[in-house]
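Data block below; observations after.
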Amino acid sequence: MYTTSAALSKPRFSSSSISTISSSSSAAYYRPSGSSSTFFYNQQHRSLSFSSAVRSLRWNWKSPISLKAQIRTTATTPIPNNFHRKLSTMAAENPFKEILTVLPKPGGGEFGKYYSLPALNDPRIDKLPYSIRILLESAIRNCDNFQVKKEDVEKIIDWENTAPKLVEIPFKPARVLLQDFTGVPAVVDLACMRDAMNKLGSDSDKINPLVPVDLVIDHSVQVDVARSENAVQANMELEFQRNKERFAFLKWGSNAFRNMLVVPPGSGIVHQVNLEYLGRVVFNMEGLLYPDSVVGTDSHTTMIDGLGVAGWGVGGIEAEATMLGQPMSMVLPGVVGFKLSGKLRSGVTATDLVLTVTQMLRKHGVVGKFVEFYGDGMSELSLADRATIANMSPEYGATMGFFPVDHVTLQYLKLTGRSDETVEMIEAYLRANNMFVDYNEPQHEKVYSASLHLDLADVEPCVSGPKRPHDRVPLKEMKSDWHSCLDNKVGFKGFAVPKDAQEKVVKFSFHGQDAELKHGSVVIAAITSCTNTSNPSVMLGAALVAKKACDLGLHIKPWVKTSLAPGSGVVTKYLLQSGLQKYLNQQGFHIVGYGCTTCIGNSGDLDESVASAISENDIVAAAVLSGNRNFEGRVHPLTRANYLASPPLVVAYALAGTVDIDFEKEPIGVGNDGKNVYFKDIWPSTEEIAEVVQSSVLPDMFKSTYEAITKGNNMWNQLSVPAAKLYSWEPSSTYIHEPPYFKDMTMDPPGPHGVKDAYCLLNFGDSITTDHISPAGSIHKDSPAAKYLIERGVDRRDFNSYGSRRGNDEIMARGTFANIRIVNKLLNGEVGPKTIHIPTGEKLSVFDAAMKYKSAGQDTIILAGAEYGSGSSRDWAAKGPMLLGVKAVIAKSFERIHRSNLVGMGIVPLCFKAGEDAETLGLTGHERYTIDLPKNISEIRPGQDVTVRTDTGKSFTCIVRFDTEVELAYFNHGGILPYVIRQLIQQ
């Protein structure tokens with residue numbers, strides 16, 4: 001059953017050991033003489049050239065020095081002495097030297113030294129959630145009484161009392177993770193910042209990552225070719241043809257910027273590579289031990305939380321500041337304890353579990369909070385199951401879904417090829433620092449902000465959709481829910497199909513074969529995305545469904561676009577080892593590539609005959625995918641219904657050919673013997689799946705896969721790039737373009753700006769996602785971006801996607817609010833990427849209207865409802881509106897990362913007061929808006945009230961959503977990047 005309860009009040013402790021600790025050296029730069037360099041990451045010269053340095057290395061997987069460490073130290077040059085002298089000076093400022101403790105090896109010697117939390121002798125620490133302890137250790141280790149102060153450490157220790165007050169703390173993650181969609185604009189920004197430093201007369205070499213940066217190219221592969229043995233090679237060739245310029249730019253970046261690793265295309269999905277390969281769990285930086293932590297420019301960075309590594313998604317501009325040594329400013333989060341008990345019933349998958357958890361947490365409300373999982377049920381969840389739950393943190397709204405390290409974690413580390421000595425070091429450190437959970441020992445009671453409970457036995461098979469990840473539908477109710485969706489008015493659960501049209505059948509010819517479509521017909525079935533393709537139980541479960549269907553004579557209709565995009569080459573190895581890949585192939589689930597595909601809109605075109613049948617007959621076609629996002633217009637423009645499901649269910653629905661089916665009562669098809677075949681006939685038991693997993697998933701598979709990754713591939717290795725430290729911008733390029741962010745920048749901050757007599761560019765309702773604001777998918781032939789490309793001689797077939805062109809601000813500005821499914825209230829019910837230019841009454845594309853306002857010197861604002869900016873962490877959802885001239889967004893509520901991104905680009909986020917919105921206040925969007933903000937930044941406080949006045953005489957009060965003092969500093973400087981440039985020049 002599901003239960004929730006508020007946390008019980010706990011005793012308060014007034015004592016603090018912090019005031020007794022004297023000043024001494026900073027362990028962040030501690031260098032013990034003669035210590036080993038396990039996991040040594042050269043912080044100033046980390047780079048990777050797959051075509052040269054890597055080939056000369058000899059790999060030793062048994063060594064505690066990781067493969068990555070060997071690459072990064074071999075392909076670099078020594079750190080200058082003056083750099084160490086600078087760090088030594090800073091090292092004198094850490095006030096916590098007395099708790100720097102040796103961690104001995106069992107057989108003699110030492111692993112290194114670490115900041116010991118138990119040595120603080122503070123009873124409050126024993127009750128802290130494990131996730132908060134990671135923040136605490138980081139604050140202690142990085143404490144210099146400048147960027148991180150003793151007062152910050154005390155705030156974290158006193159978390160039980162300070163978290164409800166929404167206090168601000170700094171956090172310095174150990175590393176940064178990028179994928180190419182968000183990585184290209186990040187590297188563009190870094191290159192542009194170097195130019196700005198140069199123009200302002202400073203040292204452009206100051207723009208270099210100071211923490212390890214891993215960039216995995218995984219978002220560019222599209223499903224152009226499917227149902228073919230040659231699909232992987234064909235799609236990769238097309239990927240390189242379209243993206244050669246982007247890839248060369250990233251390769252230039254990996255050489256030009258120190259401390260940056262680029263993993264080439266075709267290697268896997270970023271989060272699976274992070275889980276299986278990049279995740280350290282514990283760093284050993286030249287003898288200093290500390291927990292791994294990571295921020296990533298992809299919202300599903302949270303997947304690493306399943307490995308006990310604290311990680312979450314941030315905007316790219318925030319990640320860039322982290323790379324350059326700036327601490328992240330964050331509100332100390334509340335932590336919701338989520339107790340798991342019992343065991344999943346046979347046939348229930350990790351996907352069913354995560355969709356259930358997502359719905360529970362979404363209902364409870366966990367935005368801006370950590371969720372920490374615990375309880376007896378943890379022992380029943382594999383690491384891959386945990387990673388699946390952690391992956392969907394953005395969908396349930398949490399910053400993290402954290403699973404502390406336990407024996408299951410250690411087993412997974414060994415399975416994935418981490419050396420015995422490394423795993424021994426990880427366990428020893430975490431046990432010594434009270435960060436390891438041993439369920440064989442009595443558990444200390446933890447304090448949580450709130451608690452929830454789920455009995456795993458209550459989880460039932462389910463899907464989510466048709467338009468949002470948290471709209472869970474039990475499998476047994478799917479047919480009735482589908483018919484309700486057809487009946488309901490247009491909305492998240494409605495398509496408003498008239499009763500007399502609901503049974504319509506469209507017949508057409510598919511390459512000479514008779515074919516038909518109805519409302520609910522499945523036209524895309526994709527085993528895709530980071531959420532599930534790292535989990536052997538559901539991947540092999542899908543293969544068993546395919547085998548059982550083949551054995552019974554069932555086959556998927558050829559007009560269903562089927563695809564399989566594994567998260568890494570390991571998946572292919574265990575599918576082949578099991579002998580089951582051939583059955584997936586027989587059902588059309590050939591491997592199409594290694595990367596994000598359908599889940600981010602890279603689903604490729606539907607066959608023309610299928611596309612015409614849908615569009616010409618207004619069919620509500622369906623996609624079923626094993627992903628984490630199903631927002632309208634994201635998966636494919638022609639699939640209005642999109643359901644998230646486990647990989648085995650994706651195969652089952654593909655076989656059925658429709659979502660309009662009751663699997664308990666209706667047959668999926670007719671077998672070879674002429675008898676009906678039902679769902680239960682093709683569904684494997686948990687025991688069947690476990691047996692295949694046990695015999696097919698082997699440690700050597702991980703080792704050989706990641707050895708191969710470091711060698712790159714022929715197409716990548718053949719890319720030649722210049723060696724210059726400053727990038728030579730090519731004005732005619734439609735992929736990489738110098739952005740205008742620092743065009744007229746001076747050393748003087750511009751100060752805060754108000755908004756005067758602004759027009760409303762767009763008026764939105766609830767749940768406007770970053771896909772609506774800045775779509776990643778295909779570029780529509782009639783869009784402003786298409787016009788721009790055609791004017792520059794780009795053929796329509798070479799448009800590529802918005803996501804692939806994020807290095808070009810001209811295209812991305814034109815692609816802002818270009819989603820064909822966007823609903824703007826100014827259009828009175830019309831759907832599409834247009835708006836009304838208020839002064840003239842013209843209906844224009846959003847871009848054209850924005851440019852008309854800008855040319856007239858007129859400010860614009862946006863009105864929105866709840867959850868504005870939900871979905872993927874997407875810089876361009878903030879950069880685009882800024883380039884369009886938007887000065888403020890007034891919404892009922894914001895998604896966490898998007899609000900931060902708006903601040904980072906100098907846009908003012910404002911929230912209506914509780915119980916109010918544009919509708920209740922009688923705002924139509926035809927008014928002009930004035931927002932008075934003080935001209936002196938010192939007169940603005942985080943979260944203060946401001947008055948918004950309109951030219952109709954109405955005025956109302958909003959909360960200005962600058963949440964921290966640091967965000968106010970960013971606003972004063974015109975955004976986070978100008979702030980960082982001025983800070984670096986002044987250092």
Side-chain angles (χ1 to χ4, degrees), residues 42 44-57 68 71-77 176 178-198 204-209 212-221 236-267 270 297 316 320 323 595 708-739 798 800 803-809:
N42 181 319
Q44 285 291 291
H45 293 80
R46 180 174 172 273
S47 65
L48 176 61
S49 171
F50 285 91
S51 58
S52 55
V54 175
R55 287 184 188 138
S56 65
L57 300 177
K68 302 173 290 298
I71 296 167
R72 291 163 187 163
T73 53
T74 302
T76 58
T77 55
V176 173
L178 310 172
Q179 37 90 336
D180 57 301
F181 267 19
T182 52
V184 167
V187 178
V188 165
D189 288 351
L190 291 175
C192 194
M193 290 172 79
R194 276 194 173 174
D195 290 344
M197 295 284 281
N198 211 34
S204 61
D205 209 40
K206 286 183 178 180
I207 304 296
N208 258 314
V213 177
D214 300 307
L215 192 159
V216 180
I217 301 175
D218 71 338
H219 271 52
S220 299
V221 61
M236 183 173 279
E237 287 174 1
L238 287 166
E239 179 185 7
F240 267 84
Q241 285 174 26
R242 293 188 182 110
N243 299 285
K244 186 176 180 180
E245 191 177 341
R246 294 173 64 242
F247 293 168
F249 175 69
L250 289 175
K251 193 170 183 181
W252 167 82
S254 71
N255 295 326
F257 295 103
R258 300 190 289 269
N259 227 11
M260 183 179 287
L261 166 70
V262 176
V263 177
S267 301
V270 57
T297 57
E320 290 160 32
M323 291 180 212
I709 275 183
T710 61
K711 298 171 185 175
N713 57 59
N714 289 335
M715 285 181 272
W716 174 262
N717 293 338
Q718 287 169 11
L719 287 175
S720 61
V721 296
K725 296 296 182 183
L726 295 177
Y727 188 69
S728 298
W729 305 97
E730 174 52 60
S732 63
S733 172
T734 57
Y735 277 102
I736 308 297
H737 184 264
E738 183 177 11
D798 297 321
N800 213 332
S804 67
R805 292 191 180 271
R806 285 183 181 164
N808 188 307
D809 57 284

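Note that this is a predicted model, so its numbers are computed, not measured.
Nearest heavy atom pair, residue Val262 against residue Ser254, reads CG2-CB, 3.4 Å. Looking at every heavy atom in both residues, Val188 comes nearest to Pro739 through CG1-CD, 3.7 Å. Nearest heavy atom pair, residue His219 against residue Asp180, reads N-OD1, 2.7 Å. Summarising the geometry of Arg246 relative to Phe181, their closest heavy-atom pair is NH2-CD1, 4.0 Å, with the distance given to 0.1 Å. Summarising the geometry of Ala191 relative to Trp729, their closest heavy-atom pair is CB-CZ2, 3.8 Å, with the distance given to 0.1 Å. Between Thr297 and Gly316, the closest heavy-atom pair is CG2-CA, 3.5 Å.
Of the possible polar contacts, one joining the Asn713 side chain to the Pro265 backbone as a donor-acceptor pair under 3.5 Å is found. For the pair Lys251 (side chain) and Trp716 (backbone), a donor-acceptor distance under 3.5 Å is present.
Val270 has its side chain out of reach of Asp214: every pair of non-hydrogen atoms, C-beta onward, lies at least 4.5 Å apart. Put simply, the side chain of Glu239 reaches to within 4.5 Å of the side chain of Val221, judged on heavy atoms. Between Met323 and Leu190 the shortest side-chain heavy-atom distance falls below 4.5 Å. In this structure the side chain of Ser204 reaches within 4.5 angstrom of the side chain of Leu726, judged on heavy atoms. Looking at heavy atoms from C-beta onward, Val216 lies out of side-chain contact with Leu178 at the 4.5 angstrom threshold.
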Q: For the pair Val213 and Leu261, evaluate side chain to side chain contact (heavy atoms under 4.5 Å, CB included) and give the outcome as yes or no after the intermediate values.
A: CA-CA 6 Å; Val213 177; Leu261 166 70; over 6 Å; no
**Q.** side chain to side chain contact (heavy atoms under 4.5 Å, CB included) between Gln179 and Leu215, intermediate numbers included
**A.** CA-CA 5 Å; Gln179 37 90 336; Leu215 192 159; over 6 Å; no
Q: Begin with the C-alpha distance, continue with both residues' side-chain angles, and end with the deciding distance and a verdict on side chain to side chain contact (heavy atoms under 4.5 Å, CB included) for Tyr727 and Arg194.
A: CA-CA 9 Å; Tyr727 188 69; Arg194 276 194 173 174; over 6 Å; no
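How far CD1 of Ile207 is from SG of Cys192: 10.5 Å, rounded to the nearest 0.5 Å. Between Asp798 atom CG and Gln241 atom CD the span is 8.5 Å, to the nearest 0.5 Å. Rounding to the nearest 0.5 Å places CD1 of Ile217 at 5.0 Å from CG of Leu250. Atom CG of Asn243 and atom CE of Met715 lie 11.5 Å apart (nearest 0.5 Å). The CG atom of Asn208 sits 11.5 Å away from atom CE of Met193, with the distance rounded to the nearest 0.5 Å.
Ring pair Phe257/Trp252: centre-to-centre distance below 6.0 Å. Ring to ring, Tyr735 and Phe249 are not that close: their centroids are 6.0 angstrom or more apart.
Side chains of Asn808 and Arg805: no donor on one and acceptor on the other come within 3.5 Å. A donor-acceptor contact closer than 3.5 angstrom is absent between the side chains of Arg242 and Ser804.
Every residue meeting the side chain to side chain contact (heavy atoms under 4.5 Å, CB included) condition with Ala196, not counting sequence neighbours, appears here in chain and number order: Phe742, Ile981.
Ion pair Asp205/Arg258 flagged as a salt bridge, since at least one NZ, NE, NH1 or NH2 atom sits closer than 4.0 Å to an Asp/Glu carboxylate oxygen.
For residues 723-739, every residue pair satisfying the salt bridge (charged side-chain N to carboxylate O under 4.0 Å, His left out) rule, not counting sequence neighbours, is listed here: Lys199-Glu738.
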